Amino acid sequence: NAGVTQTPKFQVLKTGQSMTLQCAQDMNHEYMSWYRQDPGMGLRLIHYSVGAGITDQGEVPNGYNVSRSTTEDFPLRLLSAAPSQTSVYFCASSYITGGVGSPLHFGNGTRLTVT
Amino acid sequence: AQSVTQPDIHITVSEGASLELRCNYSYGATPYLFWYVQSPGQGLQLLLKYFSGDTLVQGIKGFEAEFKRSQSSFNLRKPSVHWSDAAEYFCAVGEASNYQLIWGAGTKLIIKP
């Protein structure tokens with residue numbers, strides 16, 4: 001059972017480059033989300049989706065785009081990378097029934113460095 | 001504003017000793033409360049959660065947490081830690097009407113042999 005799969009595990013970008021972080025889940029979860037984790041700041045929500053075709057902004061959406069064309073996939077796009085986007089990114093999913101009470105299932109993260 | 005505070009950035013405990021990790025929250029509505037654990041290089045895993053009812057909740061791996069409304073706290077406890085408990089622990093708060101959890105900054109647990 002794969003759970004939540006994130007690729008790549010590591011990425012180095014130059015300032016101004018664009019890239020897509022991939023996230024796929026095989027649990028038929030309606031809810032998917034992207035977080036960034038920075039030292040001393042916990043997790044901050046970037047974008048989330050409650051189903052295919054539906055996305056919404058979280059706490060720190062600037063500089064990131066998402067789309068949800070299928071239930072399984074929720075890619076995160078960095079449009080023009082900046083050093084401030086150096087972080088560890090986590091994708092998480094859950095069932096929508098129970099709302100915020102449904103446990104989140106996390107991927108293993110993507111460590112992104114922007115130089 | 002809603003917030004979650006984990007006052008201890010690091011905690012060092014001897015193997016076999018008891019553990020208490022602190023979590024305080026500021027939240028207007030009746031909160032949903034969570035503890036997650038993150039092992040090195042891994043994603044987060046749910047330890048336990050509280051929505052309502054008995055204020056002492058049991059979780060996986062022998063952990064428990066107690067909700068104290070008067071103190072706005074949800075502290076995590078374990079009677080006897082094992083070396084495999086070394087990890088970072090995150091407290092989070094949410095409410096039923098939305099999907100946005102507010103996260104604490106985390107507490108790194110170090111186990112002394």
Side-chain angles (χ1 to χ4, degrees), chain A residues 2-7 9-10 21 23-25 27 29-51 54-61 68 74 88-111, chain B residues 1-10 21-27 29-53 57 59-60 63 67 74 87-108:
Chain A
V4 179
T5 302
Q6 289 185 238
T7 55
K9 288 189 185 344
F10 302 94
L21 308 185
C23 175
Q25 52 92 8
M27 296 171 282
H29 286 165
E30 301 93 343
Y31 177 82
M32 295 186 75
S33 57
W34 278 101
Y35 285 92
R36 60 178 288 171
Q37 183 180 32
D38 301 293
M41 300 189 72
L43 277 75
R44 292 183 291 168
L45 183 64
I46 304 171
H47 286 284
Y48 66 96
S49 167
V50 296
I54 305 168
T55 63
D56 207 346
Q57 296 181 351
E59 181 185 356
V60 288
R68 183 97 179 268
F74 191 46
V88 180
Y89 291 84
F90 286 99
C91 180
S93 70
S94 72
Y95 290 112
I96 203 170
T97 305
V100 76
S102 295
L104 288 170
H105 296 256
F106 283 82
N108 285 337
T110 295
R111 185 175 293 275
Chain B
Q2 300 151 357
S3 65
V4 177
T5 302
Q6 293 180 246
D8 304 303
I9 299 173
H10 298 101
L21 302 182
R22 296 182 289 164
C23 173
N24 294 97
Y25 65 90
S26 172
Y27 213 81
T30 300
Y32 284 34
L33 297 157
F34 307 83
W35 276 99
Y36 281 80
V37 60
Q38 183 180 30
S39 298
Q42 303 292 314
L44 284 73
Q45 179 186 19
L46 180 69
L47 278 177
L48 48 78
K49 59 185 180 182
Y50 171 79
F51 297 160
S52 63
V57 294
I60 62 171
F63 285 91
F67 170 58
F74 188 57
E88 192 157 17
Y89 292 80
F90 292 90
C91 181
V93 177
E95 63 174 295
S97 61
N98 67 54
Y99 292 91
Q100 299 201 31
L101 291 177
I102 308 297
W103 295 82
T107 298
K108 189 166 187 176

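Proteins come first, then strands; the chains are lettered A, B, ... in the order of their sequence lines, and each starts at number 1. In this text the structure is predicted, and so the values were computed from the model without any measurement.
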Would you name the heavy atoms of [X] and [Y] that are closest together and state the gap between them?
X	Y	result
B:Gln100	A:Gly58	OE1-CA, 4.2 Å
A:Gly40	B:Ala105	O-CB, 3.3 Å
A:Asn108	B:Gly43	OD1-N, 3.5 Å
B:Trp103	A:Leu104	CZ2-CD1, 4.1 Å

- Message: Once salt bridge (charged side-chain N to carboxylate O under 4.0 Å, His left out) is applied, do any residues pair with A:Asp38, and if so which ones, sequence neighbours excluded?
- Response: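 For A:Asp38 the salt bridge (charged side-chain N to carboxylate O under 4.0 Å, His left out) partners, ignoring immediate neighbours, are A:Arg36, A:Arg44.
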
- Message: Show me the pairs that pass side chain to side chain donor-acceptor pair (under 3.5 Å) and involve residues 34-43 of chain B, at least two apart or across chains.
- Response: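 Every pair satisfying side chain to side chain donor-acceptor pair (under 3.5 Å) with a residue in residues 34-43 of chain B: A:Gln37-B:Gln38.
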
- What part of A:Leu45 gets closer than 4.5 Å to chain B, counting heavy atoms only: side chain, backbone, both or neither?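 Only the side chain of A:Leu45 comes within 4.5 Å of chain B.
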
- Message: Is A:Val50 close to chain B through its backbone or its side chain, or both, or neither, when contacts mean heavy atoms under 4.5 Å?
- Response: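 Interface part for A:Val50: side chain.
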
- Query: Below 4.5 Å, heavy atoms only, C-beta onward: do A:Tyr35 and B:Leu44 meet side chain to side chain?
  - Reply: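 In short, these two side chains do not touch, never coming nearer than 4.5 Å.
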
